[in-house]
Amino acid sequence: MELNWNQIDDKWRNKWYDSKDFETDPNDKPKKFITVAYPYPNSPQHIGHGRTYTLADVHSRYYRMRGFNVLFPMGFHYTGTPILGMAKRVQANDEELIEAFKNLYNVPEEKIKDFVDPVKIADYFHEEIKSGMIEMGYSIDWRREFTTIIPAYQRFIEWQFRNLKEKNLIVQGNHPVGWCPNDQNPVSQHDTLGDVEPDFTEYIVIKFNMGDEIIPVATLRPETLFGVTNLWINPHIVYKKVKVDDEVWIISSECAYKLGFLNKKIEIIEDIQGLELIGKKVKSPTNDNEYLILPASFVTPTTGTGIVMSVPAHAPYDYQALEDIKNGNQKNIDVSLQNEVQNIESISIISTEGFGEIPSQDVIKRMGITNQEDPKLEHATKEIYSKEFYEGKLNSNTGEFSGKKITFVKEEVKEWISKTGKSDIMLELTNESVKCRCGTECVVKLLNNQWFLDYANKEWKAKAHDCFESMNILPNDIRTEFFNVLDWLRERACARQHGLGTKIPWDSDWLVESLADSVIYMSFYTMAKFVNAKEILAENMSDEFFNYIFYGNGDSGIIARDAKITTEKLEEIRSEFLYFYPVDSRHSGRDLVPNHLTFFVLNHVAIFSKENWPKEIVVNGSVLMDGKKMSKSMGNIVPLRGAIKKYGADPIRLSILISAELLQDADFNVESVSGIKNKLETMYDECTKLNNPGEVGTEPEDVWIQSRLSKLISEVTDSMEKMRIRESLHHILYGFDSELQWYMKRANAKNRDDVSGVLNKVLTTRIAMLSPFAPHIAEEMWEKLGKSNMVSKSSWPKQEEQTDDKAVQNESLLSSVMNDISNITKVTKITPTKIIIYTANNWKSKAYHKILNGINSGETNVGTFIKELISQKDTEDVKKDPDFVKKTIKDILSEPTELRKTKMCAGEIDESKIISKELSSLIETDYGIKLQVFAENDSEKYDPKNKARMARPYKPAILIE
Ligand SMILES: [Zn+2]
């Protein structure tokens, strides 16, 4: 039946709302506090956002059914510059943005007029996102909603900042930051196009002298100075002669621009053509060597200074560029200079096992490279660099550094050169290009006297490390990524000049940065309820108030009086925090691992005592659309609310969740949505038929299917605990279909007219387990099954205490015999007139179980088994058929360990009884003939082909005529 999904969504959403089911207050039950990164409301949500929030909702609903008192709250993060930037663009009548509002986001025109005010933008998308969340059926306690610009939240952030400053974790200093020169503001991931976290690295600038002027070269590998044979410039670049502080440097204009942000005083003197520098000589900063400046095409003005050292022995590009000159393939060189270059010889400085004296030469020859434009040079470079970096040692050409490993030598050489006064430091972004949301290319800036969170602090890192170590991280593989982030993390600017948010409490020219005011807000959810009900007013929330709520510090009477609330109310707010904290699970997308999630842990360990440190982090990958990344430029962004209208909330929830496990990218596509819809509609139809179930039967197949159902419950529960969502859903939706088919086959063969009791039980269980994933349709199905309560309020299905292993073994014997018969008829193409089954002798069954026992405790030797079996009375007949032991061992070893265990628990089964009693009806249904069953030792048996002796336990012999 085709369902009206929107109608079902509406119906249950309203019932949940009316019954206040998701409004969670402290009670006697154990709690779970599940949070997810709150959204930044600068656009409507799309399908991709839906994944993280849906996962958190499934998690919450699952725990609720497991008997926990679950709090799942939501807030909205207004802090930051992007919304401000949007408002400015609206003020400037930016057509591209206004078009996007109108056509991409469907914002009504009269609303767009208000968007000159950044708060109006945030408010609009806040409501839009919230509506989408409600429509998706998220089980959120909306009484605790807040935005990060309400006064009470600002009090809270001021408390957080003063607290960190008192602990010396916010420090003033000069540190590098990613920077937008246009906005004059530091930038982090949330401020950049494509959400790139600006990352930078330190280059060592080595200064070569050319007369009174300096030719600086920036390098990550200062030790290569020992192997320099010449410098490279690009003849087509116009260089600048620049006064840098008190020196005159020759550098690319890009370099001059960047140095301006690094505390250097820059004054441009004049242009110098690259060509003019060719053939000039420079002096080494550390000895009397002189080097030629030569032209090479691979030198770029955007990296470093636009001038590079040539280390031909170890850099294939350098080697090849010199060869090109020597071979006369470089047109900017005259004959006398070319002759001079002929004398340049590579200087080897690194010995690495597997490479010869001049590694570049070897690799270039091997790869057949003949000029510096050859793209293979890139591979050659990578090969040599990485091998030398990890395995190479400096050789005797490097003086005092001889014998040192490359991996560790950078700092020492840097130190050594700096003693000559002929070096400097230059910071560069490592990302290829980072653009601010305003479109400006970002740079690294050395920020002076700025406020920084001291994430470089070793003790702080160590504490965070402990927390990561002790917490549950799903999936677990991502744990090391957190450790890596902690390792490289350094001081981080926490103040901004513009944007929405809270002022730095001691420096009102500055605002708290958006990744600094979003790290401990989960604790604010515990008091937001009281703030929203105006039971406590922002103006009365002092540091003492927060210290009491979070630490229990101070005199409750005085604090209550100053906060203008009763002592009882103060205690209520405090116990709310004590009850719900710590966070039991934090959900977020993978892109927040190197920033938000790490800062979340760092700030928790700094501010809260150990018992309030977070317990778990769950990280998920992104959502692709038809296998492709969603992006504005691709035009394939699917707005969430539009999709809900079109397909219904549950089909979207399921199709996002079922296509991938946590870290993998999920794929959203129309085929998968319609596949899910069909499956759910089929289940729904079954519910309408099974709403008046009879008794649960007691036939072997009834016992069997209930055992299987119990196994299904344990499998799904197990997957849920690990948040293996895809696996859980597959089990629930598809994993039981073949069991049901077999069950129906058995029931039909016996002409049973009412199996609705069992089918109802199976369906009830599956729907209960489905309900965290597809809450609306699950409620509807539940109602159709005749249940009076809501499935969201029901308990997660419990596994039976004891599953009936014998029933499972019996049933698997029947289906394997049916399979064997069907295979034989297929191969022999016989239409059977007679089917005869011979069951194994009793001693074989005894021996089988002794062998099974032996194997389960590690014995596999045929001889040992034979000896032992013969020595015992009930299995001494083994001596008549020693081959039986070998075959049985082989049978057992080919089975999975789990099956061996259930077989052992099931014990001996009476095959002849089961087969004659239960198989006959199946044979009659499938083949229309009567089954004959003989025991192997039956002297009267019909056995023209002498098959009976082949019978083994679980493998009866079969004769078909
Ligand atoms: Zn900008």
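Any value given below was found using the heavy atoms of this structure, including those in side chains, with hydrogens, waters and symmetry copies removed. Here the structure is a predicted model, which is why all the values come from computation and not from measurement. When a ligand or atom number is given, it counts from 1 through the structure's own listing order.
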*Can you tell me if Asp591 and His596 form a side-chain donor-acceptor pair at under 3.5 Å?*
no

Only pairs under 3.5 Å count here: list side-chain donor-acceptor contacts from residues 170-181, not counting sequence neighbours, and write none if there are none.
from: Gln172; atom 1: NE2; to: Asn449; atom 2: O; distance (Å): 3.3
from: Asn174; atom 1: OD1; to: Asn449; atom 2: N; distance (Å): 2.8
from: His175; atom 1: ND1; to: Glu491; atom 2: OE1; distance (Å): 3.4

*So, Arg492 and Ser188: side-chain donor and acceptor under 3.5 Å apart, yes or no?*
yes

Check residues 250-261 and write down every donor-acceptor pair under 3.5 Å in which the side-chain atom is one partner and the other belongs to a residue at least two apart or another chain.
from: Ser252; atom 1: OG; to: Cys255; atom 2: N; distance (Å): 3.1
from: Ser252; atom 1: OG; to: Pro301; atom 2: O; distance (Å): 2.8
from: Lys258; atom 1: NZ; to: Thr302; atom 2: O; distance (Å): 2.5
from: Lys258; atom 1: NZ; to: Glu428; atom 2: OE1; distance (Å): 2.7

_Going by side-chain contact (heavy atoms from CB on, under 4.5 Å), name the residues that satisfy it together with Glu459, two or more places apart in sequence or in a different chain._
Asn457

*Are Phe599 and Tyr455 near enough that their ring centres are under 6.0 Å apart?*
yes

*Under 2.8 Å from the Zn ion (ligand 1), how many protein N, O or S atoms can be found?*
4

